[in-house]
Amino acid sequence: MKLLNYTSKYLAFLLLAVITLWALAFYYAMLDEIYDSLDDGLENQKILLLKRAKEDPGILDNNDFNKHVYSFTPIQQQQYENHQERYQDTLMYMINEEDFEPVRIYESTLKAEGRYYKLKIITSMVEEDDLIEDLVSYLIGLYFILVLSILVLNNLLLKRIWKPFYDLIAQLKSFNIEQKPQITLTPTAVEEFNLLNTTVSELINSAHKSYNEQKQFIENASHELQTPLAISINKLELFLEKNSLTDDQLMHMASVLDNLGRLTRLNKSLLLLSKIENKQFQEAEPIDFNVLAQECITDFKEIAIHKGIDLKLHATDGIQFKMNKDLARILLTNLIKNALVHGKPQNPVTLSIANKQLKVRNTGTASPLDAELIFARFKKIGATEKSTGLGLPIARAIAEKYNLTLRYTFDGEHTFTVQFPK
Amino acid sequence: MKILIIEDEPQMLDNMRDTLEQERYLVETASTFAEASFKIGSYDYDCILLDIMLPDGNGLNLLKQLKDLGKEEGVIIVSANDSLDDRIQGLNMGADDYLPKPFHTAELNARVQAVLRRRNFEGNKYIEIGNVVIDPESRSLTIADKEVILNRKEYDILTYLISNKTRLVTKAALAEHVWGDHIDQADSFDFIYSQIKNLRKKLENATIKVGAVYGIGYKLELD
């Protein structure tokens with residue numbers, strides 16, 4: 001839920017409670033005021049009636065509410081002295097409304113013409129149910145108008161206030177440390193957002209800087225390793241030439257040379273990977289992948305035959321794509337190498353080109369491999385000890401460089417698919 | 001044959017000199033830009049091995065200096081920085097070849113020979129060894145005047161072994177030379193053995209033969 005709606009939701013609940021409480025308080029205060037005012041009116045009428053009784057004592061005989069709003073009933077002095085003023089609410093049939101309606105009766109006593117009377121004055125009273133009904137409907141109206149105004153305010157005003165925040169989030173979502181970060185900050189008058197903007201951009205810049213240093217470090221380290229590796233290999237080769245060694249000694253030397261070779265390959269692969277990531281290999285030319293695939297198959301023919309693998313190309317389509325020639329070849333050879341290393345002897349490894357897809361399929365373990373793990377660096381899955389664990393990561397880095405997708409699927413055979421744009 | 005090695009790393013320089021001296025070349029060395037610049041200006045060489053990363057200057061400037069002097073030496077750039085830019089720039093500036101470190105001694109030898117052959121033996125286009133004659137232009141082979149058909153890889157193996165005749169060629173060096181850089185991660189070099197077997201069959205009547213060095217590689221032997 002968005003922050004905007006989140007606060008709106010709570011405000012709506014809060015308003016509901018506040019308005020309900022307020023309605024109750026308002027209702028009773030209102031009612032109190034009305035009674036007060038009615039009672040004042042009734043007392044006033046009593047005084048007026050007393051005055052009229054002096055001029056027209058005939059009204060004192062009136063004891064019927066059908067004719068007047070008041071009635072006089074003669075009482076004993078005893079009753080007069082004991083009487084207390086009181087107000088009483090009751091129902092009375094109203095002709096205009098054709099229903100019993102609430103009325104307020106004021107009972108009082110008075111002394112006129114030397115006699116004692118009990119005086120009752122009635123007045124029509126506010127209809128509480130109508131009052132409540134009106135009050136509730138007006139308050140519901142107020143409630144909805146308030147909630148609606150808040151929503152409108154949030155959507156118009158807050159949206160504009162929060163825009164820098166959402167802009168930043170949108171950019172962070174597509175942020176990729178491998179690419180040069182291009183965060184454009186929306187200027188804002190809100191201090192917190194300014195703080196957020198500067199903090200995030202500082203964070204990104206320093207992250208990118210250390211990422212670059214890291215990448216550069218790998219490239220530099222690999223370079224530095226080249227010379228000592230070259231010296232060691234050449235010294236050993238010269239040593240082997242100049243000395244006649246026993247078979248046992250030769251075996252040991254061969255093993256040392258082998259491992260130096262592995263080190264060299266590992267180093268070259270690391271160097272290649274960091275060069276791809278450091279955006280080298282800018283030159284590009286249209287590559288005919290059908291021709292390239294055929295060349296690679298020729299290159300690998302002897303290795304395939306040696307492993308008893310039938311390496312073949314099956315093309316029903318042509319793929320032309322503009323990229324660096326060396327990288328195109330490395331992409332293809334790494335996939336083929338991988339298939340040959342993991343493929344079972346006496347089983348085919350098939351390259352197919354169809355529907356702008358280049359596939360390399362091989363048999364191998366009977367269960368699918370972890371599709372993410374196989375593209376991770378140095379994750380060797382059942383590989384021979386001589387593999388560098390960088391072949392597939394390099395293939396993926398090349399594919400990513402050119403926005404091609406390289407994915408792994410398993411359908412009984414392990415399949416690597418490079419999807420070219422249609 | 002006079003060769004100048006320009007290389008600032010002393011052990012690297014020793015190895016290269018050692019490798020080339022075994023081929024009876026006259027080898028001179030320079031380990032700084034200034035020294036190299038002086039030697040280039042003062043003497044003539046048949047081939048120059050040039051490390052482009054020197055402590056006191058960029059080796060590519062020596063290449064420019066050579067061209068400015070109108071010299072025709074064959075130049076092989078040797079670099080630990082195997083970058084495409086350097087390679088293209090170097091070759092564009094007139095270098096004959098580009099050899100990235102690390103390399104095998106056999107590869108160094110083969111590259112130097114190829115440059116020397118292109119530079120100095122333009123009249124003599126054949127390579128002769130024993131009763132074997134190779135025509136590098138048409139990539140054809142005759143043994144005792146009879147043509148023997150080799151496929152591309154057999155031809156490459158044979159010429160590589162001939163460039164390093166009577167010297168040890170490791171399996172790794174052979175594989176990298178013949179099958180290229182990208183083949184190298186294929187799990188072992190055992191597949192070379194069947195190629196050597198085929199080649200031996202085709203060399204049945206030749207006075208050269210491919211000998212094996214136990215577990216390590218091969219050596220071309222003259223009868």
Side-chain angles (χ1 to χ4, degrees), chain A residues 223-235 237-238 240-242 245 247 250-251 253-255 257-258 260-261 264-265 267-269 271 275 280-283 296 298-307 324 326 329-330 332-334 337-338 340-341 383-388 390-391, chain B residues 7-16 18-19 22 51 53 78-85 88 100-106 108 152-153 164 166-173 175-176 178-195 198 213-217 219:
Chain A
H223 271 148
E224 290 306 313
L225 283 172
Q226 304 279 55
T227 304
L229 272 171
I231 293 170
S232 310
I233 291 171
N234 295 350
K235 269 213 178 343
E237 283 171 341
L238 288 166
L240 284 169
E241 276 190 297
K242 288 178 180 168
L245 303 173
D247 282 0
L250 278 174
M251 280 307 286
M253 286 296 158
S255 159
L257 260 185
D258 242 26
L260 283 174
T264 307
R265 289 195 290 278
N267 199 42
K268 274 188 185 169
S269 298
L271 195 53
K275 277 181 177 175
Q280 296 184 29
F281 299 103
Q282 293 299 334
E283 304 76 14
C296 289
T298 313
D299 285 345
F300 280 102
K301 200 178 81 187
E302 292 76 23
I303 296 172
I305 292 170
H306 180 74
K307 281 203 81 173
N324 182 281
D326 286 338
R329 185 176 282 272
I330 292 167
L332 218 52
T333 51
N334 279 11
K337 246 184 277 185
N338 180 67
L340 288 177
V341 168
T384 56
E385 61 173 74
K386 290 194 179 177
S387 85
T388 57
L390 287 174
Chain B
E7 165 69 61
D8 63 313
E9 169 62 51
Q11 296 192 66
M12 193 77 208
L13 189 62
D14 274 353
N15 286 341
M16 288 164 81
D18 203 343
T19 304
Q22 283 190 50
D51 182 354
M53 289 204 283
V78 177
S79 171
N81 181 13
D82 180 17
S83 87
L84 212 62
D85 287 344
I88 290 169
K101 285 181 197 170
F103 48 78
H104 297 281
T105 50
L108 175 66
R152 180 176 71 80
K153 283 164 191 162
N164 289 288
T166 72
R167 299 185 65 169
L168 168 69
V169 175
T170 62
K171 282 190 280 191
E176 279 163 37
V178 177
W179 278 270
D181 256 356
H182 309 312
I183 209 97
D184 55 14
Q185 280 165 32
D187 50 349
S188 82
F189 297 119
D190 294 346
F191 65 91
I192 295 172
Y193 179 65
S194 45
Q195 299 301 302
N198 292 342
V213 178
Y214 183 76
I216 290 191
K219 191 190 262 186

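Per chain, numbering begins at 1; letters A, B, ... match sequence-line order. Given the structure is predicted, the values throughout are model-derived calculations rather than measurements.
Contacts between B/Lys171 and chain A at a heavy-atom distance below 4.5 Å are absent for every atom of the residue. For a residue to count as touching a neighbouring chain, one of its non-hydrogen atoms must lie under 4.5 Å from one of that chain's; by this rule A/Ile231 touches chain B with backbone and side chain alike. Proximity to chain B involves both the backbone and the side chain of A/Leu250, based on heavy atoms less than 4.5 angstrom apart. If you measure heavy-atom distances from B/Gln195 to chain A, the contacts under 4.5 Å come from the side chain alone.
B/Glu9 has no carboxylate O lying under 4.0 Å from a charged side-chain N of B/Lys101, or vice versa, which leaves the two without a salt bridge. Of the charged side-chain nitrogens involved, at least one lies within less than 4.0 Å of a carboxylate oxygen, so that A/Asp299 and A/Arg329 count as a salt-bridged pair.
Residues satisfying the salt bridge (Lys or Arg N to Asp or Glu O under 4.0 Å) test with B/Lys219, not counting sequence neighbours, are none.
Here A/Leu238 is the residue among A/Leu238, A/Ile233, A/Leu229 with the most heavy-atom pairs under 4.5 Å with chain B. Looking only at heavy-atom pairs under 4.5 Å with chain A, the residue among B/Leu168, B/Thr170, B/Ile192 that has the most is B/Leu168.
Considering only heavy atoms from C-beta on, A/Thr227 stays 4.5 Å or farther from B/Gln11 through its side chain.
Judged purely by atom type and a 3.5 angstrom limit, B/Asn15 has no side-chain atom pairing as donor or acceptor with the backbone of A/Asn234.
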